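It should be emphasised that the depicted structure is a prediction, and the values quoted were computed from it without experimental measurement.
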Amino acid sequence: MIEDDVFFASCDPCIDEPICCCEGPRGPRGFRGATGATGASGPTGNTGPVGPTGATGVKGATGSTGATGNPGTTGATGNTGANGATGPTGATGNTGADGATGPTGATGNTGITGITGVTGPTGATGNTGADGATGPTGATGNTGADGEPGPTGSTGNTGITGITGATGPTGATGNTGADGATGPTGATGNTGADGEPGPTGPTGPAGVEFFNGFSFGGSQSVEPGGKVILAQGFYQPNYYSFVTSTGDINILVNGTYRISFGLNILLESPTSALPIAYSFYLDQNIFPNSAFGEYLTTTTASSSILFTGETIATISAGQVVSLRNIGSGANVLTGVAGTQNVTNAFIMIMKLL
């Protein structure tokens, strides 16, 4: 070991002297030797006493919620429910098919018919049969309702703030929300210009120009040559004119017309013969081929018949149509059938062309 001023030799007697007593006087100080290798580390000293507890640090930020723990184990299976009631006895199965008929045995000789014996007494009721086998175990009853949640435990001490976990994957996109309410209707736009007129459609079918005159209820007597009276009528005034309680119908438009009538003629008892004949008139002339008739004989009880006729004729504007009795006797037209009022006469006209 080299010090700054003195070289200490290894001889013990003069270790404290400036001149070594063993070797002679000290020579001049040599050059500083090379630094020796570092000695091995000494043993670790005892741990010093624990210093005083430092002041509580500022509370760290709360860590993110940890991942959800694994589901708890499934609770024990509930007790088996009581056996259900025994089900009703099943329906009797179908009777099996008849077996094949055996061969017919030879017919024995007919024995003498014995005397019928006295009917024996009814036998005692037999013992009750043994109980049937126990039915199968009923289905397991429903699991009981969950118990009430237990009280919340006291809050534990705040743990050391954990290391922030890595950002989890982005969750799936949620369902699209419901459509919002429809907004208010916008202002009406300006009306566009009129389009070009379309082509004229085909002419539709001609409408029906009609006349319907009638007398309802009551009765009327029509003498030979007399007109059938119509109490009221429904018609199109551009084609017909009519004065109520008359038999004249004025035609206002040239054309071909279909004309029909109906009369409810009373047959009074006794009647040996009753001629019935009527025709349409155009002004004062009978329509060609428009006379209708019937000849009834031997009526023994009062009754009535509905007498009808129909024709088609070409009529000029201004002409008058009527229905007249062209028979040899008077007819009573009745508007009563039993206790019900009915039409005693009607005339209908329709313009065809």
Side-chain angles (χ1 to χ4, degrees), residues 207-236 239-251 253 255-315 319-353:
V208 176
E209 292 80 28
F210 68 91
F211 172 90
N212 181 18
F214 58 92
S215 290
F216 185 79
S219 64
Q220 60 175 298
S221 178
V222 185
E223 299 296 327
K227 298 178 183 179
V228 174
I229 301 302
L230 304 176
Q232 53 186 315
F234 297 99
Y235 53 92
Q236 292 167 298
Y239 292 85
Y240 310 93
S241 66
F242 168 72
V243 178
T244 58
S245 299
T246 70
D248 293 333
I249 305 163
N250 297 309
I251 305 299
V253 178
T256 300
Y257 292 82
R258 176 182 177 181
I259 309 174
S260 59
F261 73 89
L263 306 174
N264 194 32
I265 299 178
L266 179 64
L267 307 178
E268 295 181 304
S269 176
T271 299
S272 59
L274 181 62
I276 302 173
Y278 285 82
S279 177
F280 286 113
Y281 271 64
L282 189 58
D283 294 331
Q284 302 302 320
N285 302 309
I286 295 178
F287 276 14
N289 304 316
S290 68
F292 307 92
E294 189 166 351
Y295 190 80
L296 301 179
T297 60
T298 312
T299 300
T300 59
S302 295
S303 60
S304 63
I305 64 167
L306 180 60
F307 180 63
T308 62
E310 183 177 75
T311 190
I312 295 176
T314 299
I315 304 175
Q319 292 187 299
V320 179
V321 175
S322 61
L323 178 65
R324 302 188 188 189
N325 182 357
I326 60 173
S328 59
N331 300 131
V332 176
L333 309 183
T334 179
V336 179
T339 59
Q340 178 64 50
N341 286 338
V342 297
T343 299
N344 68 59
F346 72 83
I347 296 176
M348 295 185 65
I349 304 176
M350 288 189 294
K351 187 176 184 297
L352 302 180
L353 298 172

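- A distance of 10.5 Å separates CD1 of Ile249 from OH of Tyr235, quoted to the nearest 0.5 Å.
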Pair Val321-Ile347, side chain to side chain contact (heavy atoms under 4.5 Å, CB included): steps then yes or no
CA-CA 10 Å; Val321 175; Ile347 296 176; 5.7 Å; no

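- Heavy atoms only, all atoms of each residue included: Lys227 and Val222 are closest at O-CG1, 4.0 Å.
- In this structure, Ala291 and Ile326 approach most closely via the heavy-atom pair CB-CD1, 3.8 Å.
- A donor-acceptor pair under 3.5 Å is formed between the side chain of Asn344 and the backbone N or O of Gly217.
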Side chain to side chain contact (heavy atoms under 4.5 Å, CB included) assessment of Glu294 paired with Ile265:
CA-CA 11 Å; Glu294 189 166 351; Ile265 299 178; over 6 Å; no

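- Using a 4.5 Å heavy-atom cutoff, the side chains of Asn289 and Thr311 are not in contact.
- When every heavy atom of Thr308 is checked against every heavy atom of Gly262, the shortest pair comes out as CG2-CA, 4.0 Å.
- How far CG of Leu267 is from CD1 of Ile276: 6.0 Å, rounded to the nearest 0.5 Å.
- Aromatic pair Phe261/Phe292: ring centres closer than 6.0 Å.
- The local environment of CG in Asp283 is crowded, with over 12 non-hydrogen atoms from other residues, nucleotides or ligands closer than 6.0 Å.
- In this structure, the side chain of Ser290 does not engage the main chain of Ser279 through any donor-acceptor pair within 3.5 Å.
- Looking only at distances, no side-chain donor or acceptor of Ser215 sits under 3.5 Å from a matching main-chain atom of Ala345.
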Trace of the side chain to side chain contact (heavy atoms under 4.5 Å, CB included) decision for Ile315 with Ile259
CA-CA 11 Å; Ile315 304 175; Ile259 309 174; 4.0 Å; yes

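- Taking CG of Leu230 as the reference point, atom CG of Asp248 lies at 9.5 Å (rounded to 0.5 Å).
- Residues Asn264 and Thr343 form no side-chain contact, since every pair of their non-hydrogen atoms from C-beta on lies 4.5 Å or further apart.
- Ser219 and Thr334 are not linked by any side-chain donor-acceptor pair at a separation below 3.5 angstrom, with hydrogens and angles left out of the test.
- Ring to ring, Phe214 and Phe346 are not that close: their centroids are 6.0 angstrom or more apart.
- At least one side-chain heavy atom of Leu263 sits less than 4.5 Å from a side-chain heavy atom of Leu323.
- For the atom pair Gln232 CD and Thr244 OG1, the distance stands at 8.5 Å (nearest 0.5 Å).
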Ile251 and Tyr240: side chain to side chain contact (heavy atoms under 4.5 Å, CB included), yes or no, with the steps?
CA-CA 5 Å; Ile251 305 299; Tyr240 310 93; 3.8 Å; yes

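- Counting all heavy atoms, side chain and backbone alike, Gly329 lies closest to Pro224 at C-CG, 3.7 Å.
- Without hydrogens or angle criteria, Glu223 side chain to Ala330 main chain gives no donor-acceptor distance under 3.5 Å.
- Heavy atoms only, all atoms of each residue included: Glu209 and Gln236 are closest at CA-OE1, 2.5 Å.
- To the nearest 0.5 Å, the span separating OH on Tyr239 from OH on Tyr257 amounts to 8.0 Å.
- Here the CG-CZ distance, from Leu333 to Phe307, works out to 11.0 Å after rounding to the nearest 0.5 Å.
- Shortest non-hydrogen contact noted between Gly225 and Arg324 is O-CD, 4.1 Å.
- Side-chain contact between Val342 and Val336 is absent, with no heavy-atom pair separated by less than 4.5 Å.
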